[in-house]
There are 2 protein chains.
Amino acid sequence: MAQAGVDAFLVTQHVDLYYFTGSMQAGYAFIPTVGDPVFYVRRSLERAVKESAVRIEPMGSLRGFRARLAGGHPAVFAGKGAGQVVVATEMDVLPAAAHARLADALGGSPGCSLTDGSALVRGVRTVKSAWEIGRIEAAASVAAEALEAALPVLKEGVAELELMARLEYEMRIRGHIGLMRTRSYNMEIVTGMLGSGEAAAVPSAFDGPAGGLGLGPALPQSASRRTVRRDEPILIDIGCCIDGYVIDQTRTAVIGALPQDLAAAYAEAERIIRHAERLMAPGTAPDAIYAASLADADAAGLADHFMGHGVNQVKFLGHGIGLEVDEWPVLARGFGQPLEPGMVLAVEPKFTFPGRGVVGIENSYLITGAGCRQLTKSPEGLIVL
Amino acid sequence: MAQAGVDAFLVTQHVDLYYFTGSMQAGYAFIPTVGDPVFYVRRSLERAVKESAVRIEPMGSLRGFRARLAGGHPAVFAGKGAGQVVVATEMDVLPAAAHARLADALGGSPGCSLTDGSALVRGVRTVKSAWEIGRIEAAASVAAEALEAALPVLKEGVAELELMARLEYEMRIRGHIGLMRTRSYNMEIVTGMLGSGEAAAVPSAFDGPAGGLGLGPALPQSASRRTVRRDEPILIDIGCCIDGYVIDQTRTAVIGALPQDLAAAYAEAERIIRHAERLMAPGTAPDAIYAASLADADAAGLADHFMGHGVNQVKFLGHGIGLEVDEWPVLARGFGQPLEPGMVLAVEPKFTFPGRGVVGIENSYLITGAGCRQLTKSPEGLIVL
């Protein structure tokens with residue numbers, strides 16, 4: 001924060017509040033560069049006190065908030081005039097109207113000017129603590145158990161939706177919070193993306209290699225009412241969320257056998273993930289791993305099918321996971337800052353064949369001191385039923 | 001829009017895009033006061049063309065968007081200089097950073113200045129079409145069927161989470177999209193609020209009369225791992241979403257019998273909803289209905305328990321529903337504009353007893369030409385098991 005010329009961070013988003021205070025009760029957490037943080041809580045105050053190790057104060061009115069901050073953090077406000085306290089906040093998620101109200105309330109003298117601290121938050125959240133890694137591993141266990149428990153439902157003629165509902169039930173009773181949180185505007189993930197045959201290859205607004213028919217224009221992605229058939233790929237890209245932390249994984253199943261070219265593409269996806277595993281280590285740049293996967297897909301003659309097809313190809317191989325599914329770093333162009341121990345990434349090489357289906361695999365990995373360690377617990381390989 | 005001095009509306013949020021175009025593919029819909037709307041789509045273009053009756057154009061780059069708009073809507077831009085085209089957008093949901101990028105891209109001459117159109121969108125969406133009402137009724141049927149199908153799970157010793165998981169499964173296989181969309185920043189609803197005994201009465205950040213223990217600080221509301229006991233209220237406030245439209249309903253259940261004072265409070269909740277039904281009609285102000293409910297609760301000696309307890313009381317009796325759970329109008333102070341035919345409202349009188357539980361009822365209603373019609377299909381009355 002000091003490097004970024006910021007005097008304090010004002011945390012507004014519930015997920016960031018949980019990250020920084022241990023509680024997602026409603027309010028604002030003020031984290032100064034100098035001095036102790038305070039979580040100003042609107043509701044529930046008693047619950048925030050129980051959940052958080054950070055000092056809790058009642059929020060009071062927004063109108064009086066500037067005075068409260070100035071009084072509570074004299075080292076930050078001392079000698080400052082109008083707008084001279086530089087306060088970063090999450091402009092990537094905070095709505096424009098709420099931002100404007102906040103900027104207005106914190107103006108005056110001494111007062112704050114708000115600046116975008118999204119990159120600060122996203123950056124600090126990339127490296128996970130041992131406790132966070134444990135939560136992601138717990139989520140990986142639940143996803144693996146749920147997949148095993150739900151697989152008997154996967155028979156010829158079953159609707160994609162029915163399989164998805166069963167997977168969700170199996171994860172939910174094991175503690176899945178029922179949400180997969182995302183940070184991007186308008187991005188929704190309901191458990192993941194489950195799709196069979198040509199339905200999986202239908203593109204969508206979702207920024208992923210597979211779209212899915214979905215349940216209509218009001219949920220135009222993932223599982224539909226289409227029934228599963230023999231000899232077609234069934235993409236099971238699911239995740240769950242335990243104590244706020246998500247896992248993301250993909251397995252490909254088939255009832256019978258895949259056509260030869262799709263089986264070959266699936267094998268290539270496994271080769272690409274093995275290659276990524278060899279590359280993932282502290283010091284490697286995410287964009288280099290993405291470039292390697294593009295070269296692999298090209299060498300296999302599958303460049304046109306890699307991570308989507310045609311204009312609907314997406315430009316990444318993997319993404320950070322943690323409290324949200326769309327975390328940093330992204331294995332994509334423009335992400336040149338080297339990997340660090342503690343980062344957790346979902347790597348998802350997939351091949352899309354319009355009119356036929358999507359095949360691929362996705363595992364989540366922890367970057368360790370020496371390389372990486374797989375967190376996904378489901379057995380690998382094509383699931384042949 | 002013309003009354004508000006707005007030349008065009010730029011729709012950015014996926015739910016609003018679905019409302020105005022029939023598609024929630026990624027992009028921006030430009031709806032001018034004069035001339036035809038165009039949905040500029042980033043992805044998937046082919047899917048937007050299939051789903052929408054509005055003219056679809058490829059979005060292109062954000063940098064070139066102003067020129068595209070000016071070229072495509074000459075009647076709007078003719079004779080206008082820098083920032084003279086007033087464009088409303090949803091500043092209540094559009095993140096501040098995205099808003100700033102958009103404002104920057106649409107500046108120049110002729111160019112746009114962005115203004116907050118949240119109230120315009122929320123206002124126009126209050127009155128539902130016959131098709132929308134049909135979708136809400138479909139959701140009501142699914143919720144009623146799911147409650148009936150899941151009730152056998154509700155036995156002494158079952159965990160709240162297990163009952164919730166079963167309810168979700170039963171709704172999901174019937175077409176629930178798996179999400180309950182909300183408009184408010186940081187507001188999340190996972191199917192609703194299910195809670196038993198004292199767990200239901202634990203307050204939360206959620207702006208509702210009942211909080212719930214939840215699954216920990218990362219999901220501090222609704223169902224927990226607490227097991228259900230005899231002779232305590234079990235609040236089942238659930239909803240589902242069919243084709244984008246939600247229903248919201250609450251029933252109270254008990255295994256055995258409620259303590260006399262809680263049974264009396266439940267009966268009072270039913271009296272309050274009957275009173276609201278008599279009041280709900282075109283021309284009645286929402287705040288008058290809220291005031292009547294406060295007076296009823298007060299007359300029954302239950303003012304302290306109405307819609308939460310103590311500092312955690314919430315200040316409403318009901319809320320609009322539709323594509324989102326937190327729609328307008330709200331049955332609350334400050335909502336003085338009279339009800340109109342086509343509005344749909346969830347009315348939820350509840351009484352909270354800290355350490356003991358929450359009792360109440362919630363139905364959803366359509367405002368008709370003469371009064372109101374109940375959309376909720378689950379049988380009324382305390383569910384005694």
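Residue numbers begin at 1 in each chain, while the letters A, B, ... track the order of the sequences. Every value quoted in this text rests on a predicted model; they were computed, and no experiment measured them.
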Quiz prompt | For chain B, the option from Arg166(A), Met171(A), Glu90(A) that forms the most heavy-atom pairs under 4.5 Å | solution = Arg166(A)
Quiz prompt | Interface moiety of Val202(A) toward chain B, non-hydrogen atoms closer than 4.5 Å | solution = both
Quiz prompt | Proximity breakdown for Arg174(A) and chain B, heavy-atom pairs closer than 4.5 Å | solution = backbone
Exercise. Kindly compute the distance separating CG (Leu94(A)) from CG (Leu94(B)), expressed to the nearest 0.5 Å.
Key: 11.0 Å
Practice problem: Supply the atom-to-atom distance Ile177(B) CD1 to Leu161(A) CG, rounded to the nearest 0.5 angstrom. | Solution: 11.5 Å
Exercise. Kindly write out the residues that satisfy salt bridge (Lys or Arg N to Asp or Glu O under 4.0 Å) with Arg181(B), not counting sequence neighbours, or none if the list is empty.
Key: Glu188(A)
Quiz item: Do you know which of Gly175(A), Gly22(A), Gly178(A) has the most heavy-atom pairs under 4.5 Å to chain B?
Solution: Gly175(A)
Quiz item: Is chain A contacted by the side chain of Arg42(B), its backbone, both, or neither, given a heavy-atom distance below 4.5 Å?
Solution: neither
Exercise. Select one option (side chain, backbone, both, neither) describing which atoms of Glu168(A) are under 4.5 Å from chain B's heavy atoms.
Key: side chain
Quiz item: So which heavy atom on Gly244(B) is nearest to which on Ala218(A), and how close?
Solution: N-CB, 3.4 Å
Quiz item: Would you call Pro203(B) and Arg47(A) a side-chain contact if the rule is heavy atoms closer than 4.5 Å?
Solution: no
Self-check item: Most chain B-contacting option - heavy-atom pairs closer than 4.5 Å, from Arg172(A), His176(A), His99(A)
Solution: Arg172(A)
Quiz item: Should Leu219(A) and Leu179(B) be marked as a side-chain contact (heavy atoms from CB on, under 4.5 Å) after you check the CA-CA gap, both sets of side-chain angles, and the distance that decides it?
Solution: CA-CA 9 Å; Leu219(A) 196 86; Leu179(B) 297 170; 4.0 Å; yes
Practice problem: Mind checking the CG-OG1 spacing from Asn186(A) to Thr12(B)? Nearest 0.5 Å is all I need. | Solution: 6.5 Å
Practice problem: Might you point out which heavy atoms bring Ala165(A) and Ile173(B) nearest each other, and give the distance in Å? | Solution: CB-CG2, 3.6 Å
Practice problem: Mind checking the CD-OH spacing from Gln13(B) to Tyr185(A)? Nearest 0.5 Å is all I need. | Solution: 5.0 Å
Quiz item: Taking every heavy-atom pair that is under 4.5 Å apart, which of Ser52(A), Gly216(A), Ser204(A) has the most such pairs with chain B?
Solution: Ser204(A)
Quiz item: Taking the side chain from Arg43(A) and the backbone from Asn312(B), do they hold a donor-acceptor pair closer than 3.5 Å?
Solution: yes
Self-check item: Identified side-chain contact (heavy atoms from CB on, under 4.5 Å) partner of Pro220(A) from the options His14(B), Gln25(B), Lys50(B)
Solution: Gln25(B)
Self-check item: Rounded distance [0.5 Å steps], CE in Met164(A) versus OH in Tyr169(B)
Solution: 13.5 Å
